[in-house]
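So that the names make sense, note that chain A is the first sequence line, chain B the second, and so on, each numbered from 1.
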2 protein chains.
Amino acid sequence: MDTRQRIINVAKSLFHNRSYADVGIKEICDKAEIQKGSFYHFFSAKRDLVLAVIEDFAQDWAHGFVHEAFDSRLPPMERIDYLIDAAYFWQKAAKNLEGHMPGCLFGNLALEISTQDDVLRAKLTAVFLMAKERFKCTLDEAVASKKIAPLDTERTAEAMLAYLEGMILIAKASNDPETIYRLGSALKSIRIERNA
Amino acid sequence: MDTRQRIINVAKSLFHNRSYADVGIKEICDKAEIQKGSFYHFFSAKRDLVLAVIEDFAQDWAHGFVHEAFDSRLPPMERIDYLIDAAYFWQKAAKNLEGHMPGCLFGNLALEISTQDDVLRAKLTAVFLMAKERFKCTLDEAVASKKIAPLDTERTAEAMLAYLEGMILIAKASNDPETIYRLGSALKSIRIERNA
DNA sequence: TCTTGACTTGACCGGTCGGTCAACTATAAC
DNA sequence: GTTATAGTTGACCGACCGGTCAAGTCAAGA
């Protein structure tokens, strides 16, 4: 089996469930059943690994539940309900497995390392930008088909992403996936008017 | 000068600008100009320190800009505008000082350690609960004085807090305090209806 | 003056950190 | 059968980690 990918998978899980600084390379190597030397054959530094993890997880995400949620066959505003559902079930499943809600890997890493590494930060903003675009397209479509009143789709999309991340943050802090359900319905109420 | 408080102040700043795991006790002692032994006279462990830091910062917060923002002499919904302003100027000032937006200490810690320490997590949820109550009182007052249509003030308050944290997260990820300005106006648009 | 106890010092501990390296193995090309 | 190269091994490095401790300082109370 592909060693490099195995390292990434192990690191992804550990970083997501704990934190970047808290997880050591030794532990990653042990769980991936390789030696340290092998690790440094594939990655020049720990920082390199987390970059690869972000990239990999962004792909998972884009082709996984984000792709399903933003399915263009669904009516636009229903996609947002679907997204909340997907986030809820995902976090709930993860909690049942590990005992704790892991939250959003990108959000976690963003808060942990944004002040310390601008390259990693830029990588994360690129992921957020991608997510924002999904929201924006959905909103544009909803406006075009007169499902919702016109608004500043760019800013509203950004605000929706922020709300999604914030909801997950609060849910993680109380280790309660139900928070996502309880607060999810407000996502569609968020509006930023044009020229506001 | 009070050594214990000096340790807390140094730790508060370092934890806020970096992360819990990234800051070592040695560094805290150096910056506070004390020896390690002194540190362990006041705190039994690093974990004890961060507990004290959360407590201390929650006090700062409650008596500082939260107290100002939720000033009962202001019309209720204007308090929320004030809060956004305060958050914006605070983050902007911090960025000018350190080069990076530190974000919200509570949010940062929540995502870093929620999966690893349930006592710390509980401490943080208590802080969030307090903040939520402020929002709730404000909303109750706004509803009572017919400034806004009736809604589920409990849930909406929680949603507003989540949005605030999410906004700060996204702003920190792009290291751009202007994000708070750009997205701030949506805070008041958040609504969760009763019996929804 | 003697004692007490809060506070401070700085050397020290075992363990772990991220990272290096020379040697080895397995595979495939020629 | 030789060579090149990708991948792997495990010992090793210095630095740093959180935490301990015996020895000392110093001010207040008796």
Side-chain angles (χ1 to χ4, degrees), chain A residues 1-56 105 108-109 112-121 123, chain B residues 1-56 105 108-109 112-121 123:
Chain A
M1 208 242 200
D2 185 356
T3 305
R4 191 187 129 95
Q5 192 58 47
R6 208 168 61 239
I7 295 171
I8 289 178
N9 290 344
V10 166
K12 195 161 50 172
S13 165
L14 289 174
F15 288 156
H16 195 179
N17 286 290
R18 307 240 292 283
S19 75
Y20 175 62
D22 192 60
V23 176
I25 287 168
K26 176 82 189 323
E27 187 179 358
I28 294 169
C29 290
D30 287 351
K31 287 241 163 81
E33 295 178 298
I34 53 155
Q35 302 300 322
K36 258 204 189 164
S38 266
F39 175 91
Y40 282 97
H41 175 73
F42 293 103
F43 302 98
S44 67
K46 191 186 182 187
R47 184 176 170 281
D48 237 54
L49 169 64
V50 73
L51 219 70
V53 165
I54 295 170
E55 179 63 38
D56 189 271
L105 175 67
N108 297 351
L109 288 174
E112 185 178 0
I113 56 186
S114 279
T115 57
Q116 303 183 58
D117 189 316
D118 279 330
V119 174
L120 290 177
R121 192 176 57 67
K123 192 94 186 168
Chain B
M1 208 243 194
D2 185 356
T3 306
R4 192 187 128 97
Q5 191 58 48
R6 208 168 61 240
I7 295 171
I8 290 178
N9 290 344
V10 167
K12 195 161 50 173
S13 164
L14 290 174
F15 287 156
H16 196 180
N17 285 291
R18 308 240 291 285
S19 75
Y20 175 62
D22 194 58
V23 176
I25 287 169
K26 176 82 188 325
E27 185 179 0
I28 294 170
C29 291
D30 289 350
K31 287 240 162 81
E33 294 178 300
I34 53 156
Q35 301 300 323
K36 256 201 190 168
S38 268
F39 175 91
Y40 281 98
H41 175 73
F42 293 103
F43 303 98
S44 68
K46 190 187 183 187
R47 185 177 170 281
D48 238 53
L49 169 66
V50 74
L51 220 68
V53 165
I54 294 170
E55 179 63 38
D56 189 273
L105 176 65
N108 297 351
L109 288 175
E112 185 179 359
I113 57 187
S114 279
T115 56
Q116 303 183 58
D117 189 317
D118 280 329
V119 174
L120 291 177
R121 191 177 56 66
K123 192 96 188 166

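- The separation between B:Lys46 atom NZ and C:dT16 atom C1' is 13 Å, rounded to whole Å.
- Between B:Ile28 and B:Val10, the closest heavy-atom pair is O-CG1, 3.8 Å.
- Rounded to an integer number of Å, the gap from A:Asp22 CG to D:dC17 P is 15 Å.
- The distance between atom OH of A:Tyr20 and atom C1' of C:dC17, rounded to the nearest whole Å, is 12 Å.
- B:Gln116 places a side-chain heavy atom less than 4.5 Å from the side chain of A:Ser19.
- Nearest nucleotide to the side chain of B:Lys26, out of D:dC17, C:dT8, C:dG19: D:dC17.
- Between B:Leu49 atom CG and D:dG19 atom P there is a gap of 10 Å when expressed in whole angstrom units.
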- request: Begin from the C-alpha positions of B:Asp2 and B:Arg6 and carry the test salt bridge (Lys or Arg N to Asp or Glu O under 4.0 Å) through to its verdict.
  value: CA-CA 6 Å; B:Asp2 185 356; B:Arg6 208 168 61 240; over 6 Å; no
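- Between A:Gln5 and A:Asp56 the shortest side-chain heavy-atom distance falls below 4.5 Å.
- As a whole-Å value, the separation of A:Arg6 CZ from D:dG7 P is 13 Å.
- Which of D:dT8, C:dG18, C:dT8 sits closest to the side chain of A:Thr3 comes down to D:dT8.
- With rounding to whole Å, B:Ile25 atom CD1 is found 5 Å from D:dG19 atom P.
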message: With side chain to side chain contact (heavy atoms under 4.5 Å, CB included) as the criterion, how do A:Phe42 and A:Ile8 come out once you've worked through the C-alpha distance, each side chain's angles and the decisive distance to 0.1 Å?
response: CA-CA 10 Å; A:Phe42 293 103; A:Ile8 289 178; over 6 Å; no
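- As rounded to whole Å, 13 Å separates atom C1' of C:dA6 from atom CG of B:Asp2.
- Scanning residues 30-41 of chain A for heavy-atom distances under 4.0 Å to DNA chain C yields A:Lys36, A:Gly37, A:Tyr40.
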- request: Under the salt bridge (Lys or Arg N to Asp or Glu O under 4.0 Å) rule, what do B:Arg121 and B:Asp117 come out as? Steps first, then yes or no, please.
  value: CA-CA 6 Å; B:Arg121 191 177 56 66; B:Asp117 189 317; over 6 Å; no
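- The distance between atom CD1 of B:Ile28 and atom P of D:dC16, rounded to the nearest whole Å, is 16 Å.
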